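In what follows, a single structure is set out as structure tokens and then discussed.
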Amino acid sequence: MDEKYFPQKIERKWQRRWAENKTFETEADDSKPKFYALEMLPYPSGRLHMGHVRNYSIGDALAWYKRLQGFNVLHPIGWDSFGQPAEQAAIKKGVNPRDWTEDNIKQLREQFQRLGIGYDWRREIATHRPEYYKFDQWFFLKMLERGLAYKKMTKVNWCPHDQTTLSNEQASGGVCWRCGNPVEKKDLAQWFLRITAYAEELLSGMEEIEAGWAERVLTMQKNWIGKSEGAFVDFAVKDADENIRVFTTRIDTIYGANAIVVAAEHPIIEAHQAELSKKVLDKIEEIKREKAKPTDYGEEIEKDGIDTGLKAVNPFSGEELPVWIGNYVMMEYGTGAVMSVPAHDERDFEFARKFNLPIRQVISQKTHSSGENVQVMTSGADVQPLDANNKASGARAKASNADVSSSNADVPSDNPHVPSDNPHIPSEVARNSGDVSQSEAQVSENLSSTSQPASDNAPSSIEAATTDYGILINSGVWSGKRSQDAKREMVEFAEANDFGEAATTYRLRDWGISRQRFWGAPIPIVYCDKCGTVPEKYENLPVRLPDSAPFTGAGESPLARVPEFVDTTCPNCNEPARRETDTMDTFVDSSWYYFRYADAHNAAMPFDPKIINYWLPVDQYIGGVDHAVMHLLYTRFWTKVMRDIGLVKFDEPIEKLLTQGMVVGESFYSNSKSSYVPPDEVKIIRDAKGKVVEAKLRADNSPVKVAVEKMSKSKYNGVEPNDMIAIYGADAARIFALFAAPAENEMVWQETGIEGAVRFLQRVYRLVYRWRSALRAGGRWSVVSGQSEKPSQNAEARNLRRKTHQTIKRVTENFESYQFNTPVAALMELSNALGDFKVEPDKANDDELFAANEALQSLILMLAPYAPHFAEEMWENLTGAENGILQSGARFPVADETLAKADEIEIPIQVNGKLRSRVLAAPETAKEALEAAALADERVKQYTDGKQVVKIVVVPNRLVNIVVK
RNA sequence: GCCGACGUAGCCCAACGGCAAGAGGCACUGGUCUUAGAAACCAGGUGAUGUGAGUUCAAAUCUCACCGUCGGUACCA
């Protein structure tokens with residue numbers, strides 16, 4: 001053993017031994033409990049960055065911990081090697097994307113090995129290789145068979161910078177997920193995967209995994225899926241034999257509808273094109289144009305629209321409503337048409353305000369929520385009961401157009417809207433408005449005795465939309481009902497009368513997977529003039545990518561210019577045909593890669609279901625939160641499809657998910673230079689407490705702005721993992737990556753921090769060095785099991801053993817709750833305790849040697865997940881085991897509760913919640929004894945004498961609180 | 001705007017509703033060593049637990065409101 005710690009030497013040595021001993025290679029084995037530790041597969045950019053170090057250090061720590069507990073651990077790695085950077089390199093530098101990628105993989109693999117992450121390298125996969133993407137294509141064909149893949153012409157998200165289409169998930173926020181540029185809309189024929197078929201299950205399946213997934217990730221997915229329950233209602237188009245179907249979640253506000261607003265792309269527009277004025281048609285074109293433009297994130301688009309002149313009839317009231325086109329209505333959601341209820345919807349309100357449409361309140365807020373006598377607050381003023389002939393609607397429209405607010409206030413009501421907990425609506429109420437009015441009159445009369453005018457609460461005009469539930473007013477026979485009841489009953493009414501139905505819509509849309517790129521898996525489709533769109537035969541897979549293609553970067557599929565690829569024969573009729581030239585989204589590759597790890601070289605199938613059902617689901621997945629919606633939603637979908645195909649038996653592929661935070665660094669911005677400057681050009685001035693008060697440029701003392709930002713070259717705040725490993729060693733880098741902050745948090749990379757990690761390792765190294773020969777000479781060579789035959793008599797030894805077992809307990813508990821930073825602190829404490837163990841190794845007695853050996857061995861074993869090379873080396877020096885910790889049969893230490901317990905506990909005594917004294921007691925002292933000891937205490941007596949003891953709270957082992965008066 | 005998370009020492013962070021707020025690291029200060037510095041070692045805790053109310057014998061911890069930071073989302077009817 002060297003006197004000093006030389007990380008590079010130790011790390012090289014153990015990386016070699018691990019490879020020789022196949023330490024991390026595993027096979028399915030039913031006799032052992034399994035653990036699948038998985039980190040998101042990296043894109044092989046050629047350079048390892050600190051985010052990688054953190055991600056893979058967490059995963060490896062967990063894998064080591066589980067291995068040391070006797071689990072059969074699968075810990076694989078691979079490469080997400082299709083994708084744009086390779087193609088970009090081809091466009092810019094003319095290199096072959098395949099060579100470029102393979103080269104990068106080689107470099108990155110070497111860096112991973114230098115980090116010493118314990119992977120089973122036999123299972124390594126790369127998604128750009130035909131052996132892998134063959135099964136992307138296989139899955140595509142399976143989905144096609146099941147109707148889960150289809151092609152349609154549609155408006156797709158188009159990134160003008162990357163020159164490719166994007167899925168909705170990749171264009172979230174209106175910007176490209178890769179380059180951050182605003183996304184345009186473009187008409188393109190695209191292949192889609194029908195993820196919406198699983199929308200409900202993707203939502204309900206969350207119950208199964210919510211215990212193991214960060215709540216925010218599930219919330220993000222939930223919001224993205226965007227389930228919305230409501231109703232379809234059909235509005236008949238006047239003078240035409242057709243309906244406009246709207247989707248609404250607030251059918252209870254339907255009497256407040258002032259218009260039907262449809263999307264510019266709505267079919268009704270096309271159908272009536274001939275009847276529309278030029279002005280209307282121009283507006284439609286304008287709206288469509290505007291919609292295709294990229295919009296700034298966060299920018300509010302001004303409402304725009306136009307009255308088409310068409311009329312639709314409200315099936316509930318019989319009221320005739322104008323049909324408008326509105327730029328705020330989306331064809332892709334719901335039915336592409338809405339009923340505009342300005343009083344109770346903010347968007348409709350804004351729209352109505354802008355175009356002076358009438359605003360009618362139909363929901364009133366309750367003033368009393370209890371009992372039968374529900375008081376209704378009614379504006380009274382804006383009531384416009386329809387007469388049997390609908391004359392009123394025309395009159396109202398006119399009045400409203402003049403001045404929305406005053407017209408609401410000025411029209412007197414002759415229709416008292418009465419409170420009611422349950423007005424009976426006859427089920428035979430006819431649909432025509434005359435009957436409705438009649439019933440309403442009846443209801444009003446029946447309940448008029450309980451009527452309570454509430455004019456004091458009446459607003460003189462409507463200032464804003466109120467979207468809360470309340471009591472219906474101005475709603476014919478439905479007036480007086482509560483929103484919740486009305487919603488249900490009105491849907492039933494619509495269903496019974498055949499003009500509507502309950503409906504659920506989702507925000508989630510199908511997953512567009514066509515990409516106009518070369519470097520992806522070809523979509524296995526052939527277009528034949530005779531047979532049409534024909535799937536490639538399974539036996540012809542993979543449809544191989546050609547070696548290269550003309551890369552123009554012009555946004556068209558490079559494969560279209562490769563005749564050898566395009567020209568083929570129809571799998572159906574054998575006549576000449578053309579291949580699909582778009583490739584698949586790379587998220588297809590990553591949707592199932594971790595299934596492939598379990599059976600990485602299967603040539604016939606994506607994987608053998610038997611093997612998969614041993615290793616999967618993944619026990620712990622670790623990756624960035626940026627994939628919360630994209631990758632993690634797609635892979636859940638993929639799993640459900642695989643289940644339905646019969647490949648897997650479970651519904652959810654990932655039991656636990658840890659989303660680690662970003663690694664950031666301190667950056668310095670110089671105002672005088674108007675640029676970022678490297679840290680070594682900056683002088684930091686601190687006050688007496690060490691607080692940074694100022695930062696100056698060394699050169700000219702000009703001020704520098706300090707910030708903590710995502711690492712990047714241009715900001716000079718990036719750190720090269722290679723450099724860190726070269727200077728401090730992989731183990732120190734890994735310890736610091738885990739120790740600096742909880743895994744979910746952002747982590748600030750500081751060089752002083754990693755120095756602290758090295759110091760810690762050096763301390764432990766010195767401890768081992770100091771004790772090593774004494775332990776060997778004393779025959780303490782053997783591995784300690786965690787229990788000693790006899791309790792230690794020596795106080796010093798007993799204290800150390802207590803600390804050891806307390807540490808084991810803490811570290812184990814922390815690992816079990818996936819805290820990786822706190823165990824390091826506990827291990828530092830233990831090493832400090834060993835340092836404070838004031839016994840000379842060569843003068844130590846048996847008890848002391850035993851305690852020191854136990855402490856050191858436990859420390860080393862618990863350190864293995866963080867600093868595996870270091871732990872291996874120390875283990876070898878302590879125990880003589882040359883083939884490594886795992887081969888030696890060592891297990892993670894087990895805490896002995898008895899040893900961990902203190903002999904005596906100080907019990908604080910409070911009087912009225914304030915600490916007044918302490919008493920010493922043995923652990924588990926009975927309540928009564930503690931109470932007696934507390935009351936007998938002299939200092940306590942000072943506070944209790946002459947007072948009445950009201951209550952005594954005794955928490956065994958914790959405290960006594962005496963409440964006096 | 002809406003949804004969610006988080007606010008503890010100069011900084012990163014600990015703390016089953018229970019001790020006088022502190023485990024660990026960084027920074028800072030002093031000391032040992034050194035020609036000096038660095039490294040290493042030793043010692044030192046610097047605070048309205050964001051603000052305000054509530055629940056409780058007892059609140060950093062639970063509840064509510066507000067403020068601040070971060071993240072997601074944005075006409076989703």
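The chains referred to below are lettered A, B, ... by the order of the sequence lines, with proteins before strands, and numbering in each begins at 1. All values below come from the heavy atoms of this structure, side chains included, with hydrogens, waters and symmetry mates left out. Treat the numbers as computed from the prediction; the structure is a model and nothing was measured.
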Complementary nucleotide of [N], counting Watson-Crick and G-U pairs under 3.5 Å:
N: B/U69; answer: B/A5
N: B/G17; answer: none
N: B/U56; answer: none
N: B/A40; answer: B/U32

For the side chain of [X], starting at C-beta, report the closest nucleotide among [options].
X: A/R507; options: B/C57, B/A74, B/A14; result: B/A74
X: A/T752; options: B/C3, B/C75, B/C26; result: B/C26
X: A/S228; options: B/A40, B/A77, B/A14; result: B/A77
X: A/Q910; options: B/A74, B/G18, B/A77; result: B/G18
X: A/Q819; options: B/G18, B/A15, B/A77; result: B/A15

Work out how far the [atom1] atom of [N] is from that of [M], and round it to whole angstrom.
N: B/U29; M: B/U73; atom1: P; answer: 45 Å
N: B/G7; M: B/U49; atom1: C1'; answer: 9 Å
N: B/G25; M: B/A21; atom1: P; answer: 22 Å
N: B/U46; M: B/A9; atom1: P; answer: 13 Å
N: B/G4; M: B/U56; atom1: C1'; answer: 29 Å
N: B/G18; M: B/G30; atom1: C1'; answer: 37 Å
N: B/G24; M: B/C13; atom1: C1'; answer: 8 Å
N: B/C28; M: B/A20; atom1: P; answer: 33 Å

For this session: Remember a base hit wins even if backbone is also touched, and classify A/N745 as base, sugar-phosphate or nothing at under 4.0 Å, heavy atoms.
Result: sugar-phosphate
For this session: Pick base, sugar-phosphate or nothing for A/M828, based on heavy-atom distances below 4.0 Å to the nucleic acid.
Result: sugar-phosphate
Exercise. How would you label the glycosidic angle of B/A5: syn (within 90° of 0) or anti?
Worked result: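 Here B/A5 takes the anti form, which means its glycosidic angle is more than 90° from 0.
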Electrostatic pair [X]:[Y] at N-O distance under 4.0 angstrom:
X: A/R353; Y: A/E350; value: no
X: A/R250; Y: A/D252; value: yes
X: A/E501; Y: A/R245; value: yes

Exercise. With nearest nucleotides of RNA chain B determined for A/F739 and A/Q762 from heavy-atom distances, which residue corresponds to the more 5′ nucleotide?
Worked result: A/F739
Seminar exercise, completed: Result for 5'-nearest mapping on RNA chain B, choosing between A/N223 and A/V955, is A/N223
Problem set entry | A/F820 and A/F739 aromatic centres sub-6.0 Å |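 Not under 6.0 Å, so no.
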For this session: Kindly state whether the ring of A/F499 and the ring of A/F316 have centres lying under 6.0 angstrom apart.
Result: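 Here the rings of A/F316 and A/F499 have centres that are less than 6.0 Å from each other.
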Problem set entry | Donor-acceptor under 3.5 Å (A/R636 side chain, A/L202 main chain) | yes
Seminar exercise, completed: Rounded to whole Å, the CD-C1' distance (A/E215 to B/G4) equals 8 Å
